[in-house]
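The structure appears below as structure tokens.
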Amino acid sequence: MPETIRRPGLDPDGHIAREGSLARVPGVFRPVVAAVRDRLPDALGGRLHSAYLYGSIPRGTARVGRSDLDLFVVSRDEPTDGDRDAVRALGVTLDREFPQIDGVGTLLYGRDRLLSDVERHDLAWFVACLCTPLLGDDLAARLPRYRPDSLLARETNGDLGRLLPRWRERIAAADDTERARRPLVRFMSRHLVRTGFTLVMPRWNGWTSDLREMAGAFGGYYPRRAAQMAEAAAYGHEPVGDPEVLRSYVDDLGPWLAGEYARVHGVKAPRPD
């Protein structure tokens, strides 16, 4: 009989295991996390339902002065402009106060949107599997368990084709400097690697958030594109400001990946925004 390959990121029943925990937060980042826990309720008041950490800090892999703080905030109702301004201002303050982080990225959604049917295999999955509870009631208790299947692949990253025109606009609008292009390379590199991974995720049958491991899994199924994806994974960690990299993303790797994704998994259902 062929050997069964046990992939990472799954529990014994084959569901995606929740990654990260507050216990894994490195000591140097704990003052930042404590500040979020103390200040976010003041920023949103009674409109705050819950808040989560995600990314490298709760996974314990963050790099001092290089990693950003990633927050997922859920409001009791649909977020207002005032809510968005409040969390943005908090992020600016935290970034200025704590040199161990390189920026704050905050996602803000209303509870009803997150629990809606259309988000069941996107935002809801993100909270249930990739977010670490920090404040409030954990919505994962109201969500199903998830497997690395084609439905999850389609609803998480099946919108690359719709995103590429916006990427081209962002590139065109950016200042013609290496410093201005580096954040774009970092963001687009990470997005492409994650999309490449979820393209093959159902066949690979596992989960990882490590960019290099994602690229390696992808390359096993698409060897002709393996080098491109490995390079994108490297730029996701150490971005360059090379305009040719950005052009290759929106003119070559991105369009090919969007087409292959649609062929294999279909296209993500439209969202309100």
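Only this structure's heavy atoms are used, side chains among them; waters, hydrogens and symmetry mates stay out. Residue numbers start at 1 and run along the sequence shown.
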- [ ] Ignoring hydrogens and angles, tell me if any N or O in the side chain of Arg30 forms a donor-acceptor pair with the backbone of Val25 under 3.5 Å.
- [x] yes
TODO: Could you go through the ring pair (Phe, Tyr, Trp, His ring centres under 6.0 Å) check for Phe98 and Phe29 one step at a time?
DONE: CA-CA 9 Å; Phe98 294 98; Phe29 293 103; over 10 Å; no
Open item on the list: Could you check whether Arg47 pairs with Asp77 (Lys NZ or Arg NE/NH1/NH2 to Asp/Glu carboxylate O, under 4.0 Å)?
Closed with: yes
Open item on the list: Among Gln100, Glu238, His237, which residue satisfies the side chain to side chain donor-acceptor pair (under 3.5 Å) criterion with Arg66?
Closed with: Glu238
Task: Tyr54 and Arg59, any side-chain heavy atoms less than 4.5 Å apart - done: no
Open item on the list: Ring centroids only, cut at 6.0 angstrom: are His121 and Tyr146 within range, meaning strictly under it?
Closed with: yes
Task: Close side-chain approach of Leu22 to Leu53, heavy-atom, < 4.5 Å - done: yes
TODO: Could you tell me whether the side chain of Trp207 reaches within less than 4.5 Å of the side chain of Phe197, counting heavy atoms only?
DONE: yes
Open item on the list: Closer than 4.0 angstrom, basic N to acidic O: yes or no for Arg147 and Asp11?
Closed with: no
TODO: Could you give me the CA-CA distance, side-chain angles and deciding distance for His49 and Ser75, then say whether side chain to side chain donor-acceptor pair (under 3.5 Å) is met?
DONE: CA-CA 5 Å; His49 176 275; Ser75 55; over 6 Å; no
TODO: On the 0 to 90° scale, with breaks at 30° and 60°, tag the Tyr222-Phe218 ring pair as parallel, tilted or perpendicular.
DONE: parallel
Open item on the list: Less than 4.5 Å apart, side chain to side chain, heavy atoms only: is that true for Leu71 and Leu108?
Closed with: no
Open item on the list: Treating Arg186 as the side-chain partner and Val240 as the backbone partner, does any N or O pair qualify as donor plus acceptor under 3.5 Å?
Closed with: no
Task: Residues Arg39 and Glu97 bridged, charged N to O under 4.0 Å - done: yes
Open item on the list: Looking at Arg181 and Asp175, is there a salt bridge between them, counting it only when a charged N and a carboxylate O are closer than 4.0 Å?
Closed with: no
TODO: Check whether any side-chain heavy atom of Leu69 lies under 4.5 Å from a side-chain heavy atom of Ile57, and answer yes or no.
DONE: yes
Open item on the list: Any salt bridge linking Glu169 with Arg166? Criterion: basic side-chain nitrogen under 4.0 Å from a carboxylate oxygen.
Closed with: no
Task: Side-chain heavy atoms of Leu94 within contact of Leu90, under 4.5 Å - done: yes
TODO: Give a yes or no answer on whether the side chain of Asp68 reaches the backbone of Gly103 with a donor-acceptor pair at less than 3.5 Å.
DONE: no
- [ ] Side-chain contact test, heavy atoms from C-beta onward, threshold under 4.5 Å: evaluate it for Thr198 versus Arg194 and give yes or no.
- [x] no
- [ ] Decide yes or no for Lys268 and Asn157: does some side-chain heavy atom of the first lie under 4.5 Å from some side-chain heavy atom of the second?
- [x] no
Open item on the list: Can a donor-acceptor pair be found, under 3.5 Å and without considering hydrogens, that links the side chain of Arg18 to the backbone of Ala128?
Closed with: yes
Open item on the list: Whether the side chain of Tyr52 engages the backbone of Leu130 through a donor-acceptor N/O pair (distance < 3.5 Å, no angle test) should be reported.
Closed with: no
Open item on the list: Looking at Gly82, is its backbone amide N or carbonyl O close enough to the side chain of Asp85 to form a donor-acceptor pair, meaning the two atoms are under 3.5 Å apart?
Closed with: no
Open item on the list: Between Asp159 and Arg162, does any NZ, NE, NH1 or NH2 come within less than 4.0 Å of an OD or OE carboxylate oxygen?
Closed with: no
